Amino acid sequence: MPSRITREEAELLHLPNGRTVADEIAGFDRFSDLMDTRFKIAGVPFGLDSLLGLLPVAGDAITGAAGLYALGTAARLKLPITAHIQIVWNLVVDVVIGSVPLAGDVFDFFFRSHRKNFRVVEKHLIKRAKRHHKDLAKA
């Protein structure tokens with residue numbers, strides 16, 4: 001669940017649309033975990049991004065395309081343009097450096113662009129929920 005707040009806090013933070021932060025990001029949390037941290041070797045978490053990145057060219061293309069899920073989530077939630085820019089930056093860095101033979105494979109194990117993008121979305125939703133809570137308190 002979210003790294004900046006607990007699951008319980010995410011379930012209590014309501015957004016203007018009536019849903020909670022936890023409701024809005026649950027699917028994205030599962031996706032980013034699968035892509036970046038679902039498995040472990042010697043205590044080092046990794047996901048499908050690292051495994052698919054081992055396939056020359058196609059692997060990075062596939063994981064780059066899968067990363068567009070984050071951009072779609074940001075658009076669906078109407079996050080600010082700065083969130084979209086951060087997400088695109090993380091995806092570009094992941095695909096470009098990840099496509100370098102051998103060094104890119106090692107990079108994929110540690111960069112975790114999908115979890116970074118999850119935290120970008122989470123951060124903006126938390127801000128929105130807290131602002132909504134403050135507005136309700138004023139009314």
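Since the model is a prediction, treat every value here as computed from it, not as a measurement.
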Taking V96 as the starting point, is it possible to reach V106 by hopping between hydrophobic residues whose side chains are less than 4.5 Å apart? yes

Those residues at least two apart in sequence (or on a different chain) that pass ring pair (Phe, Tyr, Trp, His ring centres under 6.0 Å) with F107 are F111

On a heavy-atom basis, the closest approach of N90 and S113 is O-CB, 3.7 Å

Between the CZ atom in R112 and the OG atom in S50, the distance rounded to the nearest 0.5 Å is 7.5 Å

Indicate, with yes or no, if I85 and V95 share a hydrophobic cluster defined by side-chain heavy-atom contacts under 4.5 Å among Ile, Leu, Val, Met, Phe, Trp and Tyr. no

Within the distance-only criterion (no hydrogens, no angle test), does the side chain of H84 pair as donor or acceptor with the backbone N or O of L79 below 3.5 angstrom? yes

So, for G67 and H114, which heavy atoms are closest and what is the spacing to 0.1 Å? CA-CE1, 3.6 Å

In Å, rounded to the nearest 0.5 Å, how long is the span from CZ of R115 to CG of D49? 13.0 Å

What residue pairs, at least two apart or across chains, pass side chain to side chain donor-acceptor pair (under 3.5 Å) with a residue in residues 53-66? none

Closest approach of P45 and K40, non-hydrogen atoms and distance? CA-CG, 3.9 Å

Could you list the residues that satisfy side chain to side chain contact (heavy atoms under 4.5 Å, CB included) with L102, not counting sequence neighbours? none

Minimum heavy-atom separation for N117 to F28, with atom names? O-CE2, 3.7 Å

Distance-only, no hydrogens or angles: does the T20 side chain make a donor-acceptor pair with backbone N or O of L12 under 3.5 Å? no

Is there a path from L48 to V44 through hydrophobic residues (I, L, V, M, F, W, Y) whose side chains come within less than 4.5 Å of each other? yes

Partners of R131 by salt bridge (charged side-chain N to carboxylate O under 4.0 Å, His left out), sequence neighbours excluded? none

Is the count of non-hydrogen atoms from other residues, nucleotides or ligands lying under 6.0 Å from R38 atom CZ greater than 12? yes

Please walk me through it: do I87 and V121 pass side-chain contact (heavy atoms from CB on, under 4.5 Å)? CA-CA 9 Å; I87 290 168; V121 171; 4.0 Å; yes

Just grab all the salt bridge (Lys or Arg N to Asp or Glu O under 4.0 Å) pairs involving residues 61-74, residues at least two apart or on different chains. none

Step by step, work out the side-chain contact (heavy atoms from CB on, under 4.5 Å) result for R128 and L125. CA-CA 5 Å; R128 183 180 293 167; L125 285 181; 4.1 Å; yes

What I'd like to find out is whether the side chain of T82 reaches to under 4.5 Å of the side chain of H124, using heavy atoms alone. yes

Following the transitive rule for hydrophobic clusters with a side-chain heavy-atom cut-off under 4.5 Å over Ile, Leu, Val, Met, Phe, Trp and Tyr, establish whether I25 and L68 coincide in one cluster. yes

Heavy-atom pair with the smallest gap, counting every atom of A129 and L13: CB-CB, 3.9 Å

side-chain contact (heavy atoms from CB on, under 4.5 Å) between I126 and E9, worked out: CA-CA 10 Å; I126 291 168; E9 290 170 320; over 6 Å; no

Cationic N near anionic O, under 4.0 Å, K130 to D135: no

Do any pairs count as a salt bridge (Lys or Arg N to Asp or Glu O under 4.0 Å) and have a residue in residues 73-95, sequence neighbours left out, and if so which ones? E24-R76

CH2/W89 to CD/Q86 distance, rounded to the nearest 0.5 angstrom? 12.0 Å

Could you tell me how the ring of F109 sits relative to the ring of F46: parallel (under 30°), tilted (30 to 60°) or perpendicular (over 60°)? tilted

With hydrophobic residues grouped by side-chain heavy-atom distances under 4.5 Å, do I41 and F39 end up in a single group? yes

